[in-house]
Amino acid sequence: MRKWLTIGALVVLSIALSACGTTPGAGEGGIDSTPVNQSGEQSYEFEPDDIERADEAPSAVREYCEGAVSEAQEVGCLSHVEESEVP
């Protein structure tokens, strides 16, 4: 009996892990990386509000986000992380 429970648990785990990293409607690649702005139009620029929040980010948030590997990641971090969330 224990053997069948173990096999069943492994089957459930493998099914769950096979779905990791997929986004519904994103196609074969998983994550939909097409940038869109708030109105739903395709965009390759930052939202003005995000730039303003990033420029005004407190020093604790700047220090927390300094490990960003791209400009997009840095602006996203600076504009969406609150000082109260910094460990």
- Message: If you define the side chain from C-beta out and look only at heavy atoms, does anything of Arg53 sit under 4.5 Å from Asp49?
- Response: yes
Show the atom names and distances, to 0.1 Å, of all donor-acceptor pairs under 3.5 Å that link a side chain in residues 68-79 to residues at least two apart or in another chain.
| unit_1 | atom_1 | unit_2 | atom_2 | d |
| --- | --- | --- | --- | --- |
| Ser70 | OG | Gln73 | N | 3.1 |
| Gln73 | OE1 | Val69 | N | 2.6 |
| Ser79 | OG | Val75 | O | 2.7 |
| Ser79 | OG | Gly76 | O | 3.4 |

Let me have the donor-acceptor pairs involving side chains of residues 56-63, under 3.5 Å, with sequence neighbours excluded, atom names and distances please.
| unit_1 | atom_1 | unit_2 | atom_2 | d |
| --- | --- | --- | --- | --- |
| Arg62 | NE | Ala57 | O | 3.3 |
| Arg62 | NH2 | Ala54 | O | 2.9 |
| Arg62 | NH2 | Asp55 | O | 2.8 |

